[in-house]
Amino acid sequence: MRLLVVTAVAVERDSAATGLAARFRDAPEEEALPGRRSLLVLRDGRHRADLLAAGVGPAAAAAGTSAALTAAELAGHPYDLVVASGIAGGFLPVAPLGSVVVADEIVAADLGAQTPPARVPPPQAPPPAARTGAPAPAPDSPDAPDALNTPDLPAPSPEAAVPVPPVPGPPAEPLPGPGFVPVSELGFGTSSHVPPPGLRAAVAGALGAVCGPVLTVSTVTGTAERAAELAARHPGAAAEGMEGFGVAEAAAAHGVPVLEVRAVSNPVGPRDRAAWRIGDALTALSGAFGGLSSVLDSLEAPAP
């Protein structure tokens with residue numbers, strides 16, 4: 001098994017390495033990659049884990065992951081599995097603080113086109129009608145005209161016609177809706193990757209993790225309204241990160257299966273740094289990779 005773990009920053013990479021250390025007993029090494037990046041390499045016989053802090057955001061993550069995958073292929077030792085990882089925001093109550101999330105879908109949540117909110121059209125006003133100053137008699141009144149015996153009468157003059165103004169309806173109301181079209185519906189690519197079901201289930205079971213969609217965003221959510229919008233657009237969303245989709249895009253381009261494993265440091269929503277639990281999340285991340293290392297021998301490289 002040759003494993004590539006991709007995080008945003010070094011502290012996340014080192015937390016994952018701490019968890020893997022019990023399985024990979026050789027001393028860590030550093031190996032250079034093209035583009036002024038480097039891998040932290042853990043070895044143990046026929047197993048090897050390479051850890052890469054690729055940078056923040058999907059673009060940096062895709063570039064770094066692709067560099068590592070290409071270098072491994074050119075060396076004749078391609079990877080069997082790529083894991084995007086790090087700390088993340090959790091959607092409450094699905095993924096509380098300190099929990100571990102394994103993605104069942106890796107979603108580019110803001111890759112697409114914004115659209116105006118759908119609106120309910122106003123009711124149609126009745127067509128303008130013309131009437132004379134005097135009201136028409138009721139049909140059963142003695143004054144009502146007899147259609148068979150009434151002589152032709154001249155049409156009322158335009159001056160006598162009084163137009164009836166249209167009845168104004170209420171203004172159009174916005175409908176609840178995403179106001180967003182993902183890039184896949186625009187016909188320009190894909191907006192999600194699905195990890196192999198058997199693999200993600202085995203890993204989630206071994207880690208005791210929440211399993212659900214993990215959203216990749218380029219701008220971290222900072223309001224309750226944005227959190228509600230994302231949760232409505234992606235039912236069951238468990239976590240929000242900034243690199244997973246970039247890692248998954250690179251892995252898919254190289255035909256390597258991918259997982260995303262996250263530890264929750266804060267709730268998705270209003271930014272409240274006092275409520276962040278980064279230390280606890282990094283500890284949970286180390287524990288997750290300790291659990292992952294215990295099942296590496298049973299993980300066969302699945303078809304992507």
Side-chain angles (χ1 to χ4, degrees), residues 1-87 100 102 199 203 206-207 241-244 246-263 278-279 281-302 304:
M1 166 68 69
R2 185 169 184 181
L3 175 69
L4 175 63
V5 178
V6 183
T7 68
V9 295
V11 67
E12 296 169 317
R13 178 202 63 196
D14 294 345
S15 294
T18 297
L20 291 170
R23 175 65 181 80
F24 297 90
R25 293 184 172 86
D26 293 355
E29 304 170 5
E30 189 168 321
E31 185 175 296
L33 278 179
R36 293 180 292 181
R37 293 181 173 89
S38 62
L39 297 171
L40 183 65
V41 180
L42 305 177
R43 304 176 193 266
D44 182 21
R46 62 190 179 92
H47 295 292
R48 169 172 166 160
D50 295 349
L51 298 97
L52 171 66
V56 174
T65 304
S66 186
L69 290 168
T70 300
E73 289 176 6
L74 292 175
H77 302 291
Y79 290 101
D80 299 303
L81 176 65
V82 178
V83 180
S85 194
I87 62 176
V100 174
V102 174
L199 176 60
V203 171
L207 304 185
M242 299 182 73
E243 294 79 33
V247 175
E249 278 279 274
H254 288 260
V256 181
V258 65
L259 291 176
E260 185 166 9
V261 178
R262 293 280 181 174
I278 293 177
L282 292 172
T283 299
L285 191 65
S286 294
F289 276 89
L292 179 62
S293 68
S294 70
V295 296
L296 279 178
D297 287 335
S298 65
L299 293 179
E300 298 180 359

Contact check, side chains of [X] and [Y], non-hydrogen atoms, under 4.5 Å:
{"X": "Pro28", "Y": "Val41", "value": "no"}
{"X": "Thr70", "Y": "His254", "value": "yes"}
{"X": "Ile87", "Y": "Ile278", "value": "yes"}
{"X": "Leu40", "Y": "Asp14", "value": "yes"}
{"X": "Val83", "Y": "Leu4", "value": "no"}
{"X": "Val102", "Y": "Glu260", "value": "no"}

> Could you go step by step and tell me if Arg48 and Glu31 meet the salt bridge (charged side-chain N to carboxylate O under 4.0 Å, His left out) rule?
Replying inline: CA-CA 13 Å; Arg48 169 172 166 160; Glu31 185 175 296; 3.1 Å; yes
>> Under the rule for salt bridge (charged side-chain N to carboxylate O under 4.0 Å, His left out), what residues qualify as partners of Asp26, not counting sequence neighbours?
In response: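 In terms of salt bridge (charged side-chain N to carboxylate O under 4.0 Å, His left out), with neighbours along the sequence ignored, Asp26 is linked to no residue.
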> Listed by chain and number, what are the salt bridge (charged side-chain N to carboxylate O under 4.0 Å, His left out) partners of Glu73, not counting sequence neighbours?
Replying inline: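 None.
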Of all the heavy-atom pairs spanning [X] and [Y], show the shortest one and how long it is.
{"X": "Leu51", "Y": "Ala16", "result": "CD2-CB, 3.7 Å"}
{"X": "Gly19", "Y": "Ser293", "result": "O-OG, 3.9 Å"}
{"X": "Tyr79", "Y": "Ala68", "result": "CE1-O, 3.5 Å"}
{"X": "Pro34", "Y": "Ala67", "result": "O-CB, 4.2 Å"}
{"X": "Ala250", "Y": "Ser66", "result": "CB-N, 3.8 Å"}
{"X": "Ala54", "Y": "Ala61", "result": "CB-CA, 4.0 Å"}

When rounded to the nearest 0.5 angstrom, what is the spacing between [atom1] in [X] and [atom2] in [Y]?
{"X": "Phe289", "Y": "Ser15", "atom1": "CZ", "atom2": "OG", "result": "10.0 Å"}
{"X": "Leu199", "Y": "Leu81", "atom1": "CG", "atom2": "CG", "result": "5.5 Å"}
{"X": "Leu292", "Y": "Leu3", "atom1": "CG", "atom2": "CG", "result": "6.5 Å"}
{"X": "Arg13", "Y": "Ser38", "atom1": "CZ", "atom2": "OG", "result": "6.5 Å"}
{"X": "Leu33", "Y": "Leu52", "atom1": "CG", "atom2": "CG", "result": "6.5 Å"}
{"X": "Thr18", "Y": "Leu20", "atom1": "OG1", "atom2": "CG", "result": "9.0 Å"}

>> Could you walk me through whether Val256 and Asp80 satisfy the side-chain contact (heavy atoms from CB on, under 4.5 Å) test, starting with their C-alpha distance in whole Å, then the side-chain angles of each, then the deciding distance to 0.1 Å, before giving a yes or no?
In response: CA-CA 6 Å; Val256 181; Asp80 299 303; over 6 Å; no
Check whether [X] reaches the backbone of [Y] with its side chain - one donor and one acceptor, N or O, closer than 3.5 Å.
{"X": "Thr65", "Y": "Ala62", "result": "no"}
{"X": "Asp50", "Y": "Leu39", "result": "no"}
{"X": "Ser85", "Y": "Val261", "result": "yes"}

> His77 and Arg2: side chain to side chain donor-acceptor pair (under 3.5 Å), yes or no, with the steps?
Replying inline: CA-CA 8 Å; His77 302 291; Arg2 185 169 184 181; 5.1 Å; no
> Between Glu243 and Arg262, is there a side-chain N and carboxylate O pair less than 4.0 Å apart?
Replying inline: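 Looking at Arg262 together with Glu243, the answer is yes, because their closest N to O distance falls below 4.0 Å.
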>> Testing Val5, Val247, Val203 one by one against Leu259 for a side chain to side chain contact (heavy atoms under 4.5 Å, CB included), which residue passes?
In response: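 Of all the options given, the one that passes is Val203.
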